[in-house]
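In this text the structure is predicted, and so the values were computed from the model without any measurement. A note on names: the letters A, B, ... follow the listed sequences, proteins ahead of strands, and every chain is numbered from 1.
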There are 2 protein chains.
Amino acid sequence: MADDYDLDRAIRKIPNFPKPGILFYDITGILTKPDAFHYCIEQMSQYSRNLSISGIASVESRGFVFASPLAHMLKLPLILLRKRGKLPGETYSVRFTLEYGEDQIEVHKADITDGQKILLVDDLIATGGTLRAACELLEQGGGHIEGIFAVVGLSFLNYEKILKGYPVKTLVQYQGE
Amino acid sequence: MADDYDLDRAIRKIPNFPKPGILFYDITGILTKPDAFHYCIEQMSQYSRNLSISGIASVESRGFVFASPLAHMLKLPLILLRKRGKLPGETYSVRFTLEYGEDQIEVHKADITDGQKILLVDDLIATGGTLRAACELLEQGGGHIEGIFAVVGLSFLNYEKILKGYPVKTLVQYQGE
């Protein structure tokens, strides 16, 4: 496995999606290229082995695509964070503000253990608002966020500020549109 | 890796979810048990190796959790099928009828190749309506469905009928509520 891979080539940039003026960074081009996908999971795996992670968590739904093979490879529990009303058991819950309106994510109480050392995985960090809420949600359950790992980081949206205090690692950064 | 595993023990049964009278089979209990999760992916992998699969496809979002480590392990392209409006590029699309109302799923045209031999992966088969639509969607793109593999099958909902013509494999079947 190469230590370096030109991921940028696998990321499609689609203008005016989901609305005019927005350039969308699409990671599905990574998933159809096994070399690109393997590179991402390998990088996440190396990062995790240097911390002593005891769980992988992710917010639906594209995050699952990266978190799941990582949890499988490292033989670690996989904790799913989902939108309100999707998880059937007893949950912890957190509300948060989005650009327009509010949202809410939940996690099964049974899925987190007190003191669990968690790596939070996502495909892309934009404003960081959802990931910040995810950290608070996992902490509610007694989890400790050892790090946040995303394939893509949209640095120009200043997510470092909202995620202050959490170690953040990304594989490709975009500085502007 | 054991050839047999009591998956039923890892599947939580939650009554009256999402509405009164429905017993919900919750697969998140598999994900937090690495042995159970490994067993599922290993079984899917063995099944795939007997066909000559050239792509793994899955409908959001719980399906991604099983399809993704399988695609990663087998070094195969992963094709995401998503709800309408989520995929930014040019898509094929299919509408289908649900118990109440209609739904629509899409796939990127760029993600399927003509003649691609696809294994469709999901967490659970209930009525089979969404998976049937997924098969038709992949066929629209020139794909050939070699099989459908789900962890859980709710046999009492008669999904075999709607999925007739497609080989279906499940690891746990439930015969009634």
Any chance you could measure [X], atom [atom1], to [Y], atom [atom2], to the nearest 0.5 Å?
X     : Y      : atom1 : atom2 : result
A:L80 : B:F64  : CG    : CZ    : 12.5 Å
A:R12 : B:H108 : CZ    : NE2   : 5.0 Å
B:L78 : A:T32  : CG    : OG1   : 8.5 Å
A:L31 : B:I79  : CG    : CD1   : 10.5 Å
B:S68 : A:L70  : OG    : CG    : 10.0 Å

Flag the pair B:D111 and A:K33 as a salt bridge only when some basic side-chain nitrogen lies within less than 4.0 angstrom of an acidic carboxylate oxygen.
no
Region of A:I14 in contact with chain B, defined by heavy-atom distances below 4.5 Å
side chain
With a 4.5 angstrom heavy-atom cut-off, is it the side chain or the backbone of A:I30 that approaches chain B, or both, or neither?
neither
Do [X] and [Y] sit in the same hydrophobic cluster, where Ile, Leu, Val, Met, Phe, Trp and Tyr count as joined when their side-chain heavy atoms come under 4.5 Å apart?
X      : Y      : value
B:Y166 : B:F66  : no
B:F149 : B:L81  : no
A:L98  : A:I105 : yes
B:L23  : B:I11  : yes
A:L76  : A:V107 : no

Heavy-atom count around [X] [atom1] within 6.0 Å, excluding the residue itself: above 12?
X      : atom1 : value
A:K13  : NZ    : yes
A:K109 : NZ    : yes
A:E90  : CD    : no

State whether a side-chain donor-acceptor pair under 3.5 Å links A:R82 with B:S61.
yes
Using non-hydrogen atoms only, which part of [X] is less than 4.5 Å away from chain A: side chain, backbone, both, or neither?
X     : answer
B:H72 : both
B:I56 : neither
B:P88 : both

Heavy atoms of B:G85 and A:F17 approach each other most closely as O-CZ, 3.3 Å
Hey, are the side chains of A:P77 and B:F37 touching, using non-hydrogen atoms and a 4.5 Å cut-off?
no
